[in-house]
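In this text the structure is predicted, and so the values were computed from the model without any measurement. FYI, side chains are in, hydrogens and waters are out, and symmetry mates aren't considered; it's all heavy atoms of this structure. In listed order, ligands and their atoms are each counted from 1.
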Amino acid sequence: MGLVERLNSSPFPKKHGVSFCSFDGRQSQTFTFADRESSSAAQTWQVLRSEFDQLLWNTAHSHGAECRERTRVTRLLGDQYGVQGAVIQDAEGNLAEIQAQVVVDATGQHSLVGEKLGLPVTEHSPERSALWGYYENAYRDAGQDAATTHIFRSRDRRQWFWYVPLRDNVVSVGVVGAADHLLQGRGRPATVFEEELVECPIVLERLVDARLLGELRASGPLQSISRPGAGPGWVLVGDALATLDPVFCSGVSLALRSGELAADAIVAALSHQQATAAELGQFFARLSARAAAHPSPERGLLQSAVQLPLVFRRPS
Ligand SMILES: Cc1cc2nc3c(=O)[nH]c(=O)nc-3n(C[C@H](O)[C@H](O)[C@H](O)COP(=O)(O)OP(=O)(O)OC[C@H]3O[C@@H](n4cnc5c(N)ncnc54)[C@H](O)[C@@H]3O)c2cc1C
């Protein structure tokens, strides 16, 4: 759809790898994507989500999608045997019904379809939280590593930091830890962040000349979860389908890939008027097979998710 060309001519830094490093920087291991992947997919981008999402939106619009901003889905149409559309509400409060042969739920970890249909959720990790901020003038590596993502473990190995170089001399720095450790009873986020930085001196060193832009941010609970991927008249993609721990930095990639494969399954299903759980669910098996073919952190999660039953089968 021309996205890769647009990304190539964008100012987003080109990312060639990830490095994992101990709290003091003495031990580190860098994974350069090109060592494992010979195609152009060996290079990706460090994007600003707001700009990247706008690019996706504009591209969908220019390819003929009817896009509605500031509009939310309030209700699903259908019965216990299948979804047949949705009720939407615009910013002025106007409601409208949209009939659809297939509803794609891309509403993120809380999954509107999952909530409305009461889909089972499989939890793959304990709850964690993150604190993060954007820093100007933080240390940047040189050359091909200038946009490498760094993952640093804290001294006691219970927390980890991400260090993601973005454009305009900005670096995103965040710490992830158990929700009760990071966010409960420790005061302001800035204080907690400073205390955590002391446990990871290599990050502290990289921030010596840096300036925090705006406020530090705190996430809600982060947890690796998965849900059944399809049922009659609906599919889940992205975080609604499976949410990964951010240490893998692969949530956006998985969201795009699941969307792409789900679209193929929907086109195939509709070509013979079969928007059934089994037809639509085929994308899910393909997604899992791809994850299995390329061993990655997604593999275990997707494979266990794919074993979940497809729900709400229409009685034959
Ligand atoms: C702290 C943190 C750090 C991360 N770091 C990375 C990283 O470095 N790299 C990476 O690839 N991933 C990262 N991720 C994961 C990544 O953010 C997600 O995997 C990704 O955003 C999933 O995309 P999505 O479109 O499925 O869901 P979301 O990005 O959550 O988008 C869902 C959208 O649906 C909308 N929505 C929800 N309900 C409704 C409704 N009823 N009606 C209409 N719209 C609705 C929401 O407003 C939102 O815009 C990180 C996540 C966290 C929490």
Inset, instruction - Check whether any protein heavy atom sits under 4.0 Å from atom 38 (N) of ligand 1. - result: yes
Inset, instruction - Taking salt bridge (charged side-chain N to carboxylate O under 4.0 Å, His left out) as the test, write out the residues that go with Glu66, two or more places apart. - result: Arg68
Legend entry - Nearest-contact summary for atom 40 (C) of ligand 1 - protein heavy atom, Å: Val73 N, 3.8 Å
Inset, instruction - Look at Arg167 together with Glu51 and state whether they make a salt bridge at an N to O cut-off of under 4.0 Å. - result: yes
Legend entry - atom 11 (O) of ligand 1 protein-contacted, heavy-atom criterion under 4.0 angstrom: yes
Legend entry - Any non-hydrogen protein atom less than 4.0 Å away from atom 42 (N) of ligand 1: yes
Legend entry - Test item: protein heavy atom less than 4.0 Å from atom 29 (O) of ligand 1: yes
Legend entry - Taking atom 25 (O) of ligand 1 as the reference point, the nearest protein heavy atom with its distance: Ala106 O, 4.2 Å
Inset, instruction - List every atom of ligand 1 that sits less than 4.0 Å from any heavy atom of Leu112, numbering the atoms from 1 in the order shown and giving each element. - result: 41 (N)
Legend entry - Qualifying residues under side chain to side chain donor-acceptor pair (under 3.5 Å), relative to Trp45, sequence neighbours excluded: none
Inset, instruction - Output yes when a protein non-hydrogen atom is found under 4.0 Å of atom 33 (C) of ligand 1, and no otherwise. - result: yes
Legend entry - Heavy-atom closest pair, residues Gly187 and Val192: O-CG2, 4.0 Å
Inset, instruction - Around atom 5 (N) of ligand 1, find the nearest protein heavy atom and jot down its residue, atom name and distance. - result: Pro246 CB, 4.0 Å
Inset, instruction - Give the residue and atom name of whichever protein heavy atom lies nearest to atom 19 (O) of ligand 1, and the separation in Å to one decimal. - result: Asp239 OD1, 2.7 Å
